Protein chains: 2
Amino acid sequence: MTETQILNYALNQFAGIDADAFELSSSYWQRKTYGKGEFYNEYKNVCKYLGFIIDGVFRTYYIDDVSAEEKNVFFFSKNQVVVAYKSFVTQTPCSYYTESMTESTVLYIHVNHLNELYAKSHHWERFGRLVAETAFNLAMNRAEEFMFRTPEQRYLELIQNHPDIFNNVPLYHIASYLGIQAPSLSRIRKRMVGK
Amino acid sequence: MTETQILNYALNQFAGIDADAFELSSSYWQRKTYGKGEFYNEYKNVCKYLGFIIDGVFRTYYIDDVSAEEKNVFFFSKNQVVVAYKSFVTQTPCSYYTESMTESTVLYIHVNHLNELYAKSHHWERFGRLVAETAFNLAMNRAEEFMFRTPEQRYLELIQNHPDIFNNVPLYHIASYLGIQAPSLSRIRKRMVGK
DNA sequence: TGACGATCTTAACCTGAGTTAAGAATATAG
DNA sequence: CTATATTCTTAACTCAGGTTAAGATCGTCA
């Protein structure tokens with residue numbers, strides 16, 4: 001399958017974008033590759049593109065003003081959308097960095113083109129709603145993990161629910177994502193030997 | 001102002017719903033009052049209504065399976081929408097309880113009627129998108145509070161940003177909202193005397 | 001007003017995460 | 001296959017929040 005076919009298929013699965021609706025968008029999609037450590041979007045930058053990951057892993061992180069520590073917020077991988085949602089929707093500067101952690105390939109579309117598609121087609125409007133819902137679910141799940149689970153439970157659930165992330169990301173990035181320091185994650189892992 | 005006028009005004013402010021667009025919806029809105037402790041929506045119930053709070057305060061909480069503790073997730077008050085968003089959008093059973101903490105008055109609309117309005121009017125479609133964005137912001141802010149702030153910082157920011165909640169809700173409910181136990185909140189408050 | 005229930009604080013002890021720094025294990029490149 | 005950098009674990013200590021139970025304070029209403 002070509003990359004465009006992969007995209008078409010994914011959009012169909014996700015939002016019922018059929019061949020005709022996809023055709024409306026086809027001239028708008030562009031392709032970009034990222035090296036390890038390259039940014040999809042940076043702090044204070046307005047996110048102008050919605051990306052679909054053909055291959056690779058991205059992380060979105062926050063830099064704490066006080067401790068200057070990086071705190072991982074989201075991971076995005078293959079066949080997922082990558083976007084700084086709030087910045088993209090409101091076209092305001094982003095609070096985060098979104099960085100490629102691997103060699104990556106992305107197909108992306110400009111916010112203006114997407115808005116055109118919303119106006120032209122109910123299918124694409126539906127897509128916009130579903131992206132909003134997906135973003136909500138992502139944020140709400142993240143909030144729930146921190147409100148209701150201990151770091152140990154978050155660790156176990158990450159292994160269960162996102163083995164793709166767990167297996168492809170160094171542990172110190174996992175620790176940051178779980179909201180703890182690397183030594184704490186080591187202790188949790190040690191505690192669990194035998195359980 | 002009548003309650004309907006309050007609603008009309010708020011919808012206009014929030015999403016540019018003009019007199020004509022409001023007229024489309026006017027026969028759909030119903031009114032309900034809640035006593036202290038009455039539920040807007042309960043665990044395992046599908047949330048079928050989007051409410052606009054004329055007066056009162058609601059809280060959404062989760063009950064921990066293990067500890068059987070209540071954990072407050074959101075507060076909603078006057079001139080805000082009250083809804084179990086995920087349940088409402090997906091029409092699936094809710095994970096939460098949403099309870100009135102005071103005598104309250106709500107104007108509400110059924111999900112089917114709202115979907116009708118989406119189909120009929122771009123104004124209402126816009127409203128739907130904005131509700132989705134509001135829900136995202138609420139969830140994302142909550143996630144950020146827990147990912148990036150200490151309980152003490154969360155407490156200070158609550159006082160700053162939501163004095164209405166802080167002043168109208170008992171401290172043990174605030175503690176739960178901040179993700180800590182009541183004695184911890186007492187210690188934080190004590191620590192801060194003199195700061 | 002005074003008695004009750006609700007709310008808030010305090011104390012004592014426990015536990016798990018933070019911090020720092022050192023060292024072990026693992027990858028990667030030359 | 002060794003040297004080097006990266007990643008992971010461990011140790012020792014500190015500290016904030018959890019837990020439990022007691023007591024203080026506040027509100028309310030008979």
Side-chain angles (χ1 to χ4, degrees), chain A residues 35-37 57 59 61-72 75 99-103 145-159 163 165-195, chain B residues 35-37 57 59 61-72 75 99-103 145-159 163 165-195:
Chain A
K36 190 171 176 171
V57 180
R59 73 180 174 115
Y61 64 92
Y62 170 80
I63 294 191
D64 192 291
D65 343 337
V66 183
S67 66
E69 248 180 331
E70 292 180 6
K71 308 215 174 188
N72 292 325
F75 294 116
E99 176 201 76
S100 180
M101 302 175 70
T102 60
E103 296 292 312
E145 286 165 15
F146 280 84
M147 288 190 288
F148 309 145
R149 315 286 173 220
T150 63
E152 179 163 335
Q153 290 172 321
R154 294 200 287 275
Y155 174 69
L156 291 171
E157 288 180 8
L158 181 70
I159 295 176
I165 293 171
F166 180 71
N167 293 316
N168 291 298
V169 167
L171 283 175
Y172 63 89
H173 274 149
I174 303 277
S176 166
Y177 181 78
L178 297 174
I180 58 180
Q181 300 303 118
S184 289
L185 180 53
S186 266
R187 284 187 289 236
I188 287 170
R189 287 157 60 80
K190 193 176 185 186
R191 245 185 260 152
M192 287 183 5
V193 176
K195 275 195 191 175
Chain B
K36 190 172 177 169
V57 180
R59 73 179 173 113
Y61 63 92
Y62 170 80
I63 294 192
D64 192 291
D65 342 336
V66 184
S67 67
E69 248 181 329
E70 293 180 5
K71 309 215 173 186
N72 293 324
F75 294 117
E99 175 201 77
S100 179
M101 302 175 71
T102 61
E103 296 293 312
E145 288 165 15
F146 280 84
M147 288 190 290
F148 310 145
R149 315 286 173 218
T150 63
E152 179 164 335
Q153 290 172 319
R154 294 200 287 275
Y155 174 69
L156 292 171
E157 288 180 8
L158 181 71
I159 295 176
I165 292 171
F166 180 71
N167 293 316
N168 290 299
V169 167
L171 283 175
Y172 64 89
H173 273 149
I174 302 277
S176 167
Y177 181 77
L178 297 174
I180 58 179
Q181 299 303 117
S184 290
L185 180 53
S186 266
R187 282 187 289 236
I188 287 171
R189 288 157 60 81
K190 192 175 185 184
R191 246 185 260 151
M192 289 182 6
V193 176
K195 275 195 191 171

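Model, not experiment: these values are computed from the prediction. Below, read A as the first sequence line, B as the second, and so on, with proteins coming before strands; counting in each chain starts at 1.
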Within the pair A:R191 and C:dA17, is there a side-chain N or O less than 4.0 Å away from OP1 or OP2? yes

Please tell me if the side chains of A:F146 and A:R154 come closer than 4.5 Å, counting only heavy atoms from C-beta onward. yes

Is any side-chain N or O of B:R187 under 3.5 Å from a base N or O of D:dG18, one able to act as donor and the other as acceptor? yes

Could you tell me the separation between the NE2 atom of A:H173 and the P atom of D:dT7, rounded to a whole number of Å? 8 Å

May I ask you to test the A:E70-A:R59 pair for a side-chain heavy-atom distance under 4.5 Å? yes

Rounded to the nearest angstrom, tell me the gap between atom NZ in A:K36 and atom P in C:dA27. 13 Å

Under-4.0 Å side-chain N/O to phosphate OP1/OP2 contact, B:S184 with D:dG18: yes

Closest-nucleotide mapping onto DNA chain C: is B:Y172 or B:P183 further toward the 5' terminus? I mean the 5' end. B:Y172

Nearest-angstrom distance from the residue atom CE of A:M101 to C1' of D:dT7: 13 Å

Length of the line joining A:I174:CD1 and D:dT6:C1', which is rounded to integer Å: 16 Å

Given the rule in the side chain to side chain donor-acceptor pair (under 3.5 Å) test, do A:S186 and A:R189 qualify, once you have shown the distances and angles that lead to the verdict? CA-CA 5 Å; A:S186 266; A:R189 287 157 60 80; 5.5 Å; no

Quickly work out the B:L171 CG to C:dA6 P distance and round it to whole Å. 17 Å

Can you figure out which of D:dG17, C:dA17, C:dT9 approaches the side chain of B:S186 most closely? C:dT9

Rounded distance [0.5 Å steps], CD1 in B:I188 versus OG1 in B:T150: 7.0 Å

Of D:dG18, C:dA17, C:dT19, the nucleotide closest to the side chain of A:I180 is C:dA17

What is the distance from CD of B:E69 to P of D:dG18, rounded to the nearest Å? 9 Å

Rounded to whole Å, CD of A:E152 lies from C1' of C:dA17 at a distance of 13 Å

Interatomic distance where CD1 belongs to A:I188 and P belongs to C:dA17 [whole Å]: 5 Å

Taking the six-membered ring for Trp, are B:Y155 and B:F166 parallel (under 30°), tilted (30 to 60°) or perpendicular (over 60°)? perpendicular

